[in-house]
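Note that the structure is predicted; figures quoted are calculated from it, not measured.
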Amino acid sequence: MHTRILALLPLLAACLGACSSAAMFAADARPGAVAAGSARTAAGDDVTSDRAGFGFTDFGLAEFEDTDEDGLPDARRPASGEPTRTDRLLVREALLGVFVANVTQSIDQMNAYVDLLGGYAAGRDDGLLTYRVPAERFEEAMKEARALGRVHHESLQVHDVTDQHRDTTIRLENARKSRDRLVALLEKADDVENVLRIEKELQRLTAEIEAMEAALQNLDLRVAMSLLQIEFSPLPEATWTDGRVKPSRFPWIRAVGVDHVLSRR
Amino acid sequence: MSCRVADLSLRSALCAALVLLTACTGFGPPKADLPRDFLVLDRHEPSTFEATTADGARFLVRDFVDRDEGTLAFWSAALHDDLVEHRGYEPVGDAASVRDSAGREGTVRTYRTRYEGVEHGYLTGLWVIETSGQHWIRVAEFTAPTEEFEAHVATVRAALATLQP
């Protein structure tokens, strides 16, 4: 009996080793941690955009929406079969640069609106604000941010994490089964040496399971709550008189404006 | 010295021409009813009405001859485009319709911008006026630092409805 248990341990260890790579998915959801570059749609296309003024539906993302009635993604779909276009799990991350007349007021307005949408402020680094908003209301939040001023930069990345989520889920299920088998072995083990070896393996396995659970939670959060980063900057004092912009072709338009009114004596 | 005399003569001639034009067309210098916290400034400019508050808010109405004979919609869009796209003004709300004392329809818009490092509010009222075959663009402007602007903007909006002739 002891011999059989001991012979099984290396096999179990080999299986469990395969699970360990899943721990790498526990990375933080910070935008900097996201590979700058490609994200795949269901069709396998790269989805990265960096331009001003595009519409969210440019990517046909409505087709990829994957939410339950409560608006949260269903991360526990059957592993069998390829996910359909509507089954894809997408992480959306946007960066907006907006010129506004009053930065403080704009931040207050955006905070209130994100709160209204069911999101929250996730951080602030100098002028860069980070928000999490429910994925199904992401576009509304973008529109509101754009409406606060003049957009000078806009970029959007969409990451398809369906495969990553499925792989981690499978590894997690396997790890749990392995842990159950180890527990069963532990109950049958009758000498101290075997008990110690099994317990050590159980400890390692439990740590890996916890890491995979955290990684899945992280993925679920990133899918359910889109990332919106906004940088509000004061409006530049650009008038046609400073040579940076083209003056109007109509003389009377060139003669009006705050600077003309206030410079009258 | 002779240049100065010539300049004065030219100004006098222009003023006389405007007075004559006013007499012919019945279209005189702009005026508006403002509350007592506005002081109307006498600029001796026939096509201009100017007033100020003690805290520095400025209200200015000017008439420009429009030889191009554009419509209100065209000039309103052209001014808005220039302010927003070329000068970085931030629109506050949408354009609204306004009527002067003669019932002529105009448009009013509000913006935010920065001037000498300070955030300012800026209101424009615009009318296209045709009288005796002559086309005019009447532009009313009101501006002040944001706090003062907010304090007076309702009064100024009301004053736009009293603009005459």
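Partners of A/Thr104 by side-chain hydrogen bond (donor to acceptor under 3.5 Å, both in side chains), not counting sequence neighbours: none found.
Looking at B/His86 and A/Ser248, their side chains never come closer than 4.5 Å, going by heavy atoms from C-beta outward. Taking 4.5 Å as the limit, every side-chain heavy atom of B/Arg87 sits out of range of all side-chain heavy atoms of A/Val258. Side-chain contact check for B/Tyr122 versus A/Val256: some heavy-atom pair is nearer than 4.5 Å.
Between the OG1 atom in B/Thr143 and the CG atom in A/Asp259 there is a gap of 9.5 Å [rounded to 0.5 Å]. To the nearest 0.5 Å, the span separating OG on A/Ser263 from CD on B/Glu116 amounts to 9.5 Å. Taken to the nearest 0.5 Å, the CZ atom of A/Arg249 stands 12.5 Å off from the CG atom of B/Asp82. Rounded to the nearest 0.5 Å, atoms CZ (B/Arg58) and NE2 (A/His260) are 13.5 Å apart.
The backbone N or O of A/Val261 lies less than 3.5 Å from no partner atom in the side chain of B/Glu141, so there is not a single donor-acceptor pair.
Of residues 69-79 of chain B, those residues with a non-hydrogen atom less than 4.5 Å from any non-hydrogen atom of chain A are, in numerical order, B/Phe74, B/Trp75, B/Ala78, B/Leu79.
B/Asp81 does not touch chain A: none of its heavy atoms, backbone or side chain, sits under 4.5 Å away. For B/Glu119, the part sitting under 4.5 Å from any heavy atom of chain A is the side chain, from C-beta outward, and nothing else. The part of B/Leu126 that comes within reach of chain A is its side chain, from C-beta onward, which places non-hydrogen atoms under 4.5 angstrom from that chain.
Of the listed residues B/Phe142, B/Tyr111, B/Phe64, B/Phe59, the one with more heavy-atom pairs under 4.5 angstrom with chain A than any other is B/Phe64.
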